[in-house]
Each structure stands twice: as structure tokens, then as C-alpha cells.
Asks: 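Take a look at this one; I'll ask things after.
Values in this document were obtained by computation on a predicted structure and should not be read as measured data. In each ligand, atom 1 is the first atom listed, and ligand 1 is the first ligand listed.
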Amino acid sequence: MLKIIRYNTLVILSVLFLFSCKTEKHQFKNSASKAEIADKAMIVSARSEASRIGAEIMKKGGNAFDAMVATEMALAVSYPFAGNLGGGGFMVYRTADGEVGTLDYREKAPLASSKNMYLDENGEVISEKSTMGALASGVPGTIAGIFKVHKKFGSLPIQELLKPVIALAEKGIVVTQKQQDRLQKYRDVLMQVNEDTILFTKSYKAGDTLKNKALANTLRRIATNGRSEFYGGETGKILLNFLQERGGIITEQDLLKYDAKWRDPVQVQYKDYQIISMPPPSSGGIVLAQILKMIEPYPLNEYAHNSAKYIQVLTEAERRAYADRSFYLGDSDFYEVPQDSLLDSNYLEAKMANFSFEQATSSSAINHGELSNFYESNETTHYSIVDAEGNAVSVTTTLNGAYGSKLYIPELGFFMNNEMNDFSLKPGVPNMFGLIGAEANAIAPEKRMLSSMTPTIIEKDNKLWMVVGSPGGSTIITSVLQTFLNVAEFDLNMQEAVSAKRFHHQWLPDEIMMEPAGFEEKALEELQQKGYKINQSESRIIGKVDAIRVLPNGKLEGGADPRGDDTAVGF
Ligand code: DON
């Protein structure tokens with residue numbers, strides 16, 4: 001029997017953190033439906049500055065991988081909420097000649113970490129230890145990631161790629177309304193964790209310019225000295241001193257040993273489409289593939305979009321796939337993930353065998369467990385790129401929570417991640433996304449924490465068809481799923497598919513989380529009659545998808561999520 005987590009026993013900081021994790025108010029127009037169209041190349045990211053820099057690099061003759069390097073860093077400057085040097089991420093790519101692969105630059109647990117490091121003497125989780133401050137961070141992977149990409153695929157010198165980014169940090173970004181709101185919302189907790197004011201605790205108003213000279217200097221040193229500047233040079237030393245003075249356990253050895261890894265993607269066929277997505281340490285590819293295989297036999301396009309029947313089929317498949325996630329998935333370098341068995345069609349067919357349209361399956365019939373609420377949010381960031389040659393890059397990068405561990409290194413100009421919370425801190429106890437885990441995702445030195453990030457590329461008739469991904473913790477996978485289905489099954493254009501309302505089920509808690517306003521009352525009533533619990537109690541957004549589709553005429557169609565400041569730039 002799983003334990004019910006008792007949030008009321010957590011210390012005040014933890015409560016503050018959880019509040020800080022709740023989603024932003026739902027504030028996007030329902031009407032965003034006109035897709036940006038480009039002839040040759042396109043990039044869609046969380047900030048217009050980052051999209052513009054990526055597009056400029058491609059205009060200058062750089063490829064999608066060059067654009068990835070510049071965009072990843074431009075997001076660290078313009079979107080410090082999630083863009084980062086102190087975090088990690090995943091890239092899925094498909095080259096113009098059809099070669100596919102993935103890069104894992106996920107953070108790793110420090111060498112001095114241990115399985116029970118976030119438990120108190122009674123064996124209870126001290127949750128703020130894994131979410132805030134120096135102990136919450138895994139060893140960052142982002143700089144290793146961009147250099148690995150550049151070495152294999154880059155065509156322009158790194159200095160040229162970082163030049164516009166350094167200029168952006170120096171000249172400053174223009175604060176948007178959403179950014180003003182976020183900074184205001186997190187100001188107190190940022191002050192608390194940093195025990196001081198930092199660049200981001202000033203009172204910014206929309207339209208203000210925010211310059212980050214320290215980050216410009218860090219990037220300049222990285223441009224000059226390369227990857228080792230971060231994993232051994234001055235930047236690395238400043239980072240280590242800063243963390244160690246605050247109780248962190250990351251050492252020089254950790255930085256020296258860190259490396260990003262090329263991994264084979266998870267691939268699955270769904271009707272005419274080939275889905276190419278992220279393998280462990282992300283759960284994204286496997287869970288997405290499981291859901292797709294479970295729903296494939298149902299004639300989804302005969303049900304109305306977001307009708308009760310459609311929601312039911314997806315929910316039941318999601319429930320079953322997320323139950324597997326919590327038991328079987330973890331870093332495959334440390335734990336033998338039974339990927340083939342999990343994707344076996346007989347196995348998946350058998351899993352759906354007890355589903356009936358008459359009545360909701362209870363999650364307790366799938367497995368035991370009682371859980372508290374989960375806290376979904378959109379603090380990761382995804383960007384999609386297609387260049388003029390047809391190379392495609394799908395990247396999701398993260399600090400985990402908003403501004404990660406909240407710990408900001410003033411001398412370096414960036415925040416550190418709180419990715420350690422993505423481990424299963426104790427079997428059966430939910431993390432900040434309500435996800436529970438088992439031995440497969442227990443902490444071990446150098447292990448990577450299980451992720452839900454699902455950067456994905458989709459082929460149709462062996463040709464590049466879509467590049468898609470999202471932030472949103474546990475809701476990432478279902479956001480990617482619905483965006484794909486919106487186009488493949490319901491013929492929405494890329495922008496409509498991204499803008500459409502989303503819902504989510506993750507086995508536990510046993511409820512369908514739904515974005516408010518936009519689902520038909522009739523569908524909701526029907527679902528409730530069949531025993532589904534609907535959670536629409538709060539204004540929430542689910543995912544923040546940035547995607548590109550290749551149209552039959554070869555043009556590129558962008559979908560930038562109106563839930564954020566996301567922007568498609570093409571030429
Ligand atoms: O890797 C993961 O699954 C999480 N660290 C992602 C966090 C995220 O998406 C935050 N935003 N909601």
C-alpha cells in the first residue's frame with residue numbers, strides 16, 4: 001500500500017515552492033489558428049529573440065544544428081525561467097538524408113549522491129532538499145550537449161554562433177508581460193533561496209530592458225575556451241565554489257566525468273506515420289509509443305475532436321502507460337528497461353482488453369496507490385527547427401522547476417537546476433509532478449533521473465513531416481500526443497493543433513486534468529456519468545507546444561503556443 005504524502009508536514013519553504021510551481025493562469029486567446037508559413041527554414045521557440053537568432057544563423061548558411069547551439073544559449077539569455085547553462089536536455093534529430101538519432105545531455109546525479117539522500121531519520125522525504133538550493137542540482141549537461149552537437153554536425157564556428165547571443169545578453173532583452181508576471185510571482189522565493197537580491201528580483205515592468213553582463217562574460221569565455229571552460233576552467237571553478245559554499249555536493253570530478261551521449265531513438269509506426277522520439281533516461285518516447293499503439297485500433301477520426309469517446313480512449317491508454325512508467329522506467333545505463341516488452345503489440349493489446357466504453361477503468365485496478373494532487377507546470381522549454389536543406393532538430397531543455405533550484409550564480413549569470421527531484425526519492429512517494437517511481441528510478445551516483453521530455457520528429461511516407469515537443473512535466477507526453485493527433489486524425493493546421501485545448505491523465509491521481517473552457521459540457525457530463533473524475537477546478541495550462549509541419553508543397557507551417565510568448569520565425 002502506497003503512502004499518502006502529507007504536504008502539511010513539509011516545512012514552509014517547501015509549501016512556498018509548491019505554490020511557486022502551480023501553473024500560470026490560463027490566459028491565451030482561443031483564436032490562435034493562423035499558422036506561420038515559410039518557404040525554406042523555420043524555428044519555433046519560447047521567445048522571439050531566440051527564434052530570430054536561430055533563423056539568422058540559418059540565413060547566414062548555418063544548418064539546423066548550428067541554429068540549435070545558438071538558440072539553446074539565446075533561450076538561456078531571454079528565457080531564464082527554463083533556458084539554461086545550469087540544466088540539461090534532449091535533442092532528437094533527422095538529417096536531410098533521413099538519418100535519425102538523439103543526444104542525451106540530461107543532468108547526472110553527483111558522485112557523492114546516494115539513494116536516501118533526501119530522506120529524514122524517519123525515512124520521510126524532505127521535499128525541499130530536492131527542489132531548492134545547492135543540493136537539488138544534478139551535474140549540468142547543456143554545455144556538453146551543444147558542443148557535442150557542434151562537433152558532429154556544426155558548420156559555422158562556435159564563436160560565430162555565440163556572437164549574437166552575447167550581444168543579446170549585453171544589449172538586453174525586452175521584458176514581456178508574461179515575464180513581468182512570472183518574475184513578480186517568484187520574487188519572494190528567489191530572495192529567500194539566494195538570501196539576497198539578484199538580477200532577477202528587481203522590479204521589472206513589461207517593456208523594460210533586462211541586461212545580463214555576467215552571462216555575456218561567461219558565454220564569451222565559453223566561445224573562446226570551448227567546452228572545458230565549463231567542465232574544468234574558470235567557469236567550472238566559480239560554479240563549484242559557489243555550490244560547495246552552500247552545501248552542494250558537486251565536485252570537480254563530477255564536472256570532469258560528465259559527458260553527453262548519443263542514443264538510438266525510440267521508433268514506432270502509427271498508421272502512415274513513423275514516430276521518432278527520446279529513449280531512456282526519458283520516459284517520453286516509450287510512453288508515447290505505448291499510448292499510440294494502444295489507441296491505434298480505434299477509429300478516432302470518427303469521434304468528434306475532444307468528444308467524450310475520444311477523451312475516453314486516450315485517457316484509458318494514458319492511464320495504462322503511465323502505470324508502466326512508474327515501475328519500469330529509469331536510466332537504461334543503470335537499470336535494464338524492458339523496452340521491447342513494453343512496446344510489444346500483444347502486451348499492449350492485452351492491456352487495453354479490459355477497457356469498455358461503458359465505464360471508466362479504475363486506476364487501482366491497474367495498480368495500487370493513493371496519491372495527493374500533482375503540480376503540473378510549464379517550466380521546461382521546447383524548440384523545433386527545420387533548415388533549408390531539410391535537417392530537423394527537436395529539442396527540449398530544462399532546469400526542471402521555474403528558475404530551477406532558484407539558486408542563481410551572480411558571477412556567472414545563470415540559475416542551477418533542481419533536476420534531482422525527478423528521481424524517485426522514495427518508492428511510491430510522488431515528485432513535484434505527482435509522478436511516482438520505483439527502483440528503476442532510484443538515485444545512484446552518475447545516474448540520470450527519469451524524464452518526461454519528449455522531443456519528437458515524425459515522418460510520413462518516409463519523409464520529414466513534423467517536429468514537435470513541449471514543456472509541462474508529466475503532461476509533456478500527452479501534449480505531444482494530442483498535437484500529433486490533432487493534425488493526423490482531425491486535419492487541424494499546425495497552429496490550430498497547438499492552440500487546441502488539452503487534457504491529461506497519468507494513472508495517479510485517477511482524474512482527467514483539463515484546461516478550462518473549451519470542452520463541451522455534454523462531453524464532460526458523459527465522462528462523469530461513466531465514472532471519470534474531471535479536474536478543471538483551477539485555471540491551468542497543459543503543455544506549451546512549439547511545432548513545425550512540412551506541408552505537401554514543401555513549405556513549412558509553424559505552430560507557436562499562444563499559452564506563452566512563443567514565436568515562429570521562418571524565411
Ligand atoms: O525532465 C522532466 O520530465 C522534467 N524535469 C520536466 C520539467 C518540466 O517540464 C517543467 N515544466 N513543467
Asks: For ligand 1, which atoms sit closer than 4.0 Å to a heavy atom of Ile476?
Replies: 9 (O)
Asks: If we set the cut-off at 4.0 Å for heavy atoms, which region of Asn400 has an atom near ligand 1: side chain, backbone, both, or neither?
Replies: both
Asks: Is the shortest N/O to N/O distance between Thr398 and ligand 1 below 3.5 Å?
Replies: no
Asks: Consider side chain to side chain contact (heavy atoms under 4.5 Å, CB included). Of Thr478, Ile295, Ile477, which one does Glu318 pass it with?
Replies: Thr478
Asks: Is the shortest side-chain N to carboxylate O distance from Lys257 to Glu446 below 4.0 Å?
Replies: yes
Asks: Between ligand 1 and Gly472, is the shortest N or O to N or O distance under 3.5 Å?
Replies: yes
Asks: Which bit of Thr475 gets closer than 4.0 Å to ligand 1, counting heavy atoms only: side chain, backbone, both or neither?
Replies: neither
Asks: Taking only heavy atoms of Phe433, which atoms of ligand 1 are found under 4.0 Å from at least one of them?
Replies: 7 (C), 8 (C), 10 (C), 12 (N)
Asks: Would you sort out whether Tyr105 and Phe90 count as a ring-ring contact (aromatic ring centres under 6.0 Å, His included), showing the intermediate values?
Replies: CA-CA 6 Å; Tyr105 56 98; Phe90 299 127; 7.4 Å; no
Asks: With a 6.0 Å cut-off (strictly less than), is the heavy-atom count around OH of Tyr328, excluding the residue itself, greater than 12?
Replies: no
Asks: Check whether any N or O atom of Gly473, backbone or side chain, sits under 3.5 Å from an N or O atom of ligand 1, and answer yes or no.
Replies: yes
Asks: Does NZ or CZ of Arg246 fall inside the cone over Phe242's six-membered ring, less than 6.0 Å from its centre and within 45° of the axis?
Replies: yes
Asks: With respect to Thr397, which candidate in Thr381, Thr380, Thr71, Ile146 satisfies the side chain to side chain contact (heavy atoms under 4.5 Å, CB included) definition?
Replies: Thr381
Asks: So is Met449 in contact with ligand 1, going by heavy-atom distances below 4.0 Å?
Replies: no
Asks: Could you report the tightest heavy-atom contact between Asn417 and Gly86, atom names first, then the distance?
Replies: ND2-O, 2.7 Å
Asks: Where's the contact between Arg106 and ligand 1, heavy-atom distance under 4.0 Å: side chain, backbone, both or neither?
Replies: side chain
